[in-house]
Asker: 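This is the structure I have questions about; it appears just below.
Indexing begins at 1, ligand by ligand and atom by atom, following the structure's order.
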Amino acid sequence: LLQLAMPLNFLGFVYREIRQALIDMHTMFELIRQDLEIKDADGASELAVKGAEVRFEDCLFGYDARRPILKGISFTVPAGKKLAIVGSSGAGKSTISRLLFRFYDLDGGKITIDGQDIAAVTQASLRQSIGIVPQDTVLFNDSIYYNIAYGRPSASREEVEAAAKLAKIHDFILSLPDGYESVVGERGLKLSGGEKQRVAIARTVLKDPSILLFDEATSALDSKTEREIQASLNDVSKDRTTLVIAHRLSTVVDADEIIVLEQGQVVERGTHRGLLGQKGHYAEMWQRQLEVAEKSEDVAVPTLKN
Ligand code: ATP
């Protein structure tokens, strides 16, 4: 038996090694696939932005071909208007913003900006025209000045400070002992979620994009921070085509259109008033959040999270 155990053990070892190698190869091909997916098309032109109308036409997408995430999404954000996307966790909201930025290509349908297919233009020109304010901004281990100026490294000091003022973070920065030279990030000053988001807003103001993608924080912010972020977002999004992944009622109320996403499909669309009248998903979400807000006095602004 002992004589048999040794070779069997060895075979087991070989089997595990081969299996691991196959998994590694699979991972490698996945990485190559992702890399290939974001190559510029041959002869790709520069995106020519006029008003920046954003259109999703019957968009199909899955990170894995076996599991569709977006199942035929269509919407249009007219130039300078604001679209709010709401829906439960995992519905595909962030996926929409990743596709607009072309981190991935669609499996079907198309996305256009001012009529130009985003897969046919250079990624550099596409990404230049879009400013993203993510939920959780990663700050560089550098001065707060550098972190804002990153939006447009050629900006002057006056422009950086003007952007910080618009994002309502200038006074906070001046209150720090080292002002704009304060080092932030992992090994420096830890900023709160709201402060980080305002740094990201300032960065975006400097970049001056035609399209703004705003991924609202899901966590509850105190009401003052909430109002300040809201006010700076309103200033920044003026005259820009804005897509916001919204978790707060205050954001959706004034959106030109709201789409409600469930499991990769648009189940309702309309304005806040129109959707309340439909007495469907949205009206239910609104009602539920109002109840949560009433119960918890601390959360000044209810969130739209399910
Ligand atoms: P939340 O409100 O929780 O942020 P969401 O509506 O933004 O959710 P998405 O992030 O768009 O949801 O994710 C949609 C689905 O796609 C989820 O089921 C998620 O597990 C899956 N998914 C997201 N990113 C990836 C990825 N990189 N690879 C594989 N699957 C992913």
Asker: Check whether any heavy atom of Arg98 sits under 4.0 Å from an atom of ligand 1.
Answerer: yes
Asker: Using distance alone, decide if ligand 1 has a nitrogen or oxygen within less than 3.5 Å of any nitrogen or oxygen in Lys93.
Answerer: yes
Asker: Parallel, tilted or perpendicular: which describes the rings of Phe140 and Tyr146, with under 30° parallel and over 60° perpendicular?
Answerer: perpendicular
Asker: Does ligand 1 have an atom that lies less than 4.0 angstrom from a heavy atom of Phe103?
Answerer: no
Asker: Below 4.0 Å from any atom of ligand 1, is there a heavy atom belonging to Gly87?
Answerer: no
Asker: Tell me whether Lys81 at atom NZ has more than 12 heavy atoms from other residues, nucleotides or ligands lying less than 6.0 Å away.
Answerer: no
Asker: Ignoring hydrogens and angles, state whether a donor on the side chain of Thr241 or Glu53 is under 3.5 Å from an acceptor on the partner side chain.
Answerer: no
Asker: What do we get for Thr95 next to ligand 1 when only non-hydrogen atoms under 4.0 Å count, side chain, backbone, both or neither?
Answerer: both
Asker: Side chain or backbone, does Ala91 bring an N or O within less than 3.5 Å of an N or O on ligand 1?
Answerer: yes
Asker: Can you check whether Tyr180 reaches Arg157 side chain to side chain, under 4.5 Å on heavy atoms?
Answerer: yes
Asker: For Ser94, take its heavy atoms, then give the atoms of ligand 1 lying under 4.0 Å from any of them.
Answerer: 4 (O), 5 (P), 7 (O), 10 (O), 11 (O)
Asker: Is the positively charged end of Arg98 above the ring of Tyr63, judged by distance under 6.0 angstrom from the centroid and angle within 45° of the axis?
Answerer: no
Asker: For ligand 1, does Tyr104 get within less than 4.0 Å through its side chain, its backbone, both, or neither, judged by non-hydrogen atoms?
Answerer: side chain
Asker: Among Phe103, Tyr104, Phe56, which residue satisfies the ring-ring contact (aromatic ring centres under 6.0 Å, His included) criterion with Phe61?
Answerer: Tyr104
